[in-house]
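Report on the structure given below.
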There are 2 protein chains.
Amino acid sequence: MRHARLPASEEIAIVDVFHALSDPFRLQIVRRLAVEGEASCQALEGDRPKSSVSHHFRVLREAGLIRTRNEGATRMNALRREDIERRFPGLLSCVLSARND
Amino acid sequence: MRHARLPASEEIAIVDVFHALSDPFRLQIVRRLAVEGEASCQALEGDRPKSSVSHHFRVLREAGLIRTRNEGATRMNALRREDIERRFPGLLSCVLSARND
DNA sequence: TCGATAGTTCGATATTTTTCGAATTTTGGC
DNA sequence: GCCAAAATTCGAAAAATATCGAACTATCGA
């Protein structure tokens with residue numbers, strides 16, 4: 001399985017992060033990962049076709065927001081909390097505490 | 001001159017804010033407004049046609065990030081600092097302090 | 001090895017944004 | 001009233017994103 005590129009902490013670009021977070025579905029994924037720690041893709045899909053879910057996870061991954069590791073046949077996704085915090089202090093807590101959007 | 005709608009503080013949607021900030025030119029406008037306080041559109045345009053500049057100011061305005069007031073024939077734009085801070089505490093300082101993107 | 005499950009990739013289409021010139025609006029000054 | 005300056009609106013064309021099914025890949029277990 002080819003590995004998607006994932007930027008190092010210092011390489012994370014804020015415009016990419018903002019773009020990734022500007023989609024409601026992706027924002028929801030980020031928030032659920034924040035609560036659940038790790039989750040598979042399918043655990044977070046909502047009737048969407050797999051290809052669409054996969055696309056959104058890829059956007060999050062390439063923006064530097066999540067990390068994906070293989071666990072058997074499934075892939076577990078997690079927020080890159082420390083990396084994001086180091087790169088953009090305060091951003092994540094701000095995103096997570098912003099309610100009723 | 002028709003007035004562009006501008007959301008009340010509580011109506012500002014975080015996905016709209018993120019979308020507005022996901023463009024390098026718009027992010028630059030926000031940062032310059034943070035430094036300069038107020039500025040006309042043309043003061044911030046960089047060789048771009050006026051219609052393009054106007055478009056980006058409109059996106060920022062409709063997202064709730066800036067406010068525009070008439071000053072004679074020119075329009076002065078300013079960040080809605082307090083409104084943004086009330087709605088999404090910490091976001092603005094995070095955006096403004098994020099460097100070398 | 002065969003199947004089943006989980007995701008990714010591909011390709012085509014649809015939707016959304018961006019871009020830019022031209023026309024228009026608004027305001028102040030002459 | 002007219003002209004110039006500042007910005008918005010319109011319309012069309014280009015570029016970027018999103019969507020979805022189908023084909024493909026990888027891993028585990030029977």
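Protein chains get the first letters and strands the later ones, always in sequence-line order, with residue 1 at the start of each.
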Query raised in the report: How close or far is atom P of C:dT18 from atom CD of B:E62, stated in whole angstroms?
Result: 12 Å
Query - Nearest-0.5 Å distance that lies between atom CZ in B:F88 and atom CD1 in B:I12 - result: 6.5 Å
Query raised in the report: For A:L6 and C:dT8, what is the distance between atoms CG and P respectively, to the nearest whole Å?
Result: 13 Å
Query - Rounded distance (Å) that lies between atom C1' of C:dC20 and atom CZ of B:F25 - result: 14 Å
Query raised in the report: Going by an N to O cut-off under 4.0 Å, is there a salt bridge joining A:E62 and A:R58?
Result: yes
Report summary line: For nucleotides 15-23 of chain D, 5' to 3', base contacts (B), sugar-phosphate-only contacts (S) and non-contacts (-) with protein non-hydrogen atoms under 4.0 Å give --SSBBBB-
Query - Between C:dG7 (P) and A:N70 (CG): distance, integer Å - result: 10 Å
**Report entry** Residue pairs involving residues 17-30 of chain A (criterion side chain to side chain donor-acceptor pair (under 3.5 Å); sequence neighbours excluded)
**Finding:** A:R26-A:H56
Report summary line: Residues passing the salt bridge (Lys or Arg N to Asp or Glu O under 4.0 Å) test with B:R86, sequence neighbours excluded, are B:D83
Query raised in the report: Do the non-hydrogen side-chain atoms of B:L65 and B:L21 ever get within less than 4.5 Å of each other?
Result: yes
Report task. Specify the separation, in whole Å, of atom CD of B:E45 and atom P of D:dA7. Result -> 8 Å
Report summary line: Within residues 33-42 of chain B, those residues having any heavy atom closer than 4.0 Å to DNA chain D are B:S40, B:C41, B:Q42
Report task. Could I get the full list of salt bridge (Lys or Arg N to Asp or Glu O under 4.0 Å) partners for B:E36, not counting sequence neighbours? Result -> B:R32
Report task. Look up atom CG in B:L44 and atom CG in B:N77, then write down how far apart they are to the nearest 0.5 Å. Result -> 7.5 Å
Query raised in the report: What pairs of residues pass the salt bridge (charged side-chain N to carboxylate O under 4.0 Å, His left out) test when at least one of them lies in residues 38-56 of chain B, not counting sequence neighbours?
Result: B:E38-B:R69
Query raised in the report: Are A:R75 and A:S54 close enough that some pair of their side-chain heavy atoms sits under 4.5 Å apart?
Result: no
Query raised in the report: Is any side-chain N or O of A:R58 closer than 4.0 Å to OP1 or OP2 of C:dT9?
Result: yes
Query raised in the report: Are OP1 or OP2 of D:dT8 and a side-chain N or O of B:R75 less than 4.0 angstrom apart?
Result: yes
Query raised in the report: A:T74 side chain N/O closer than 4.0 Å to the phosphate oxygens (OP1, OP2) of C:dA6?
Result: no
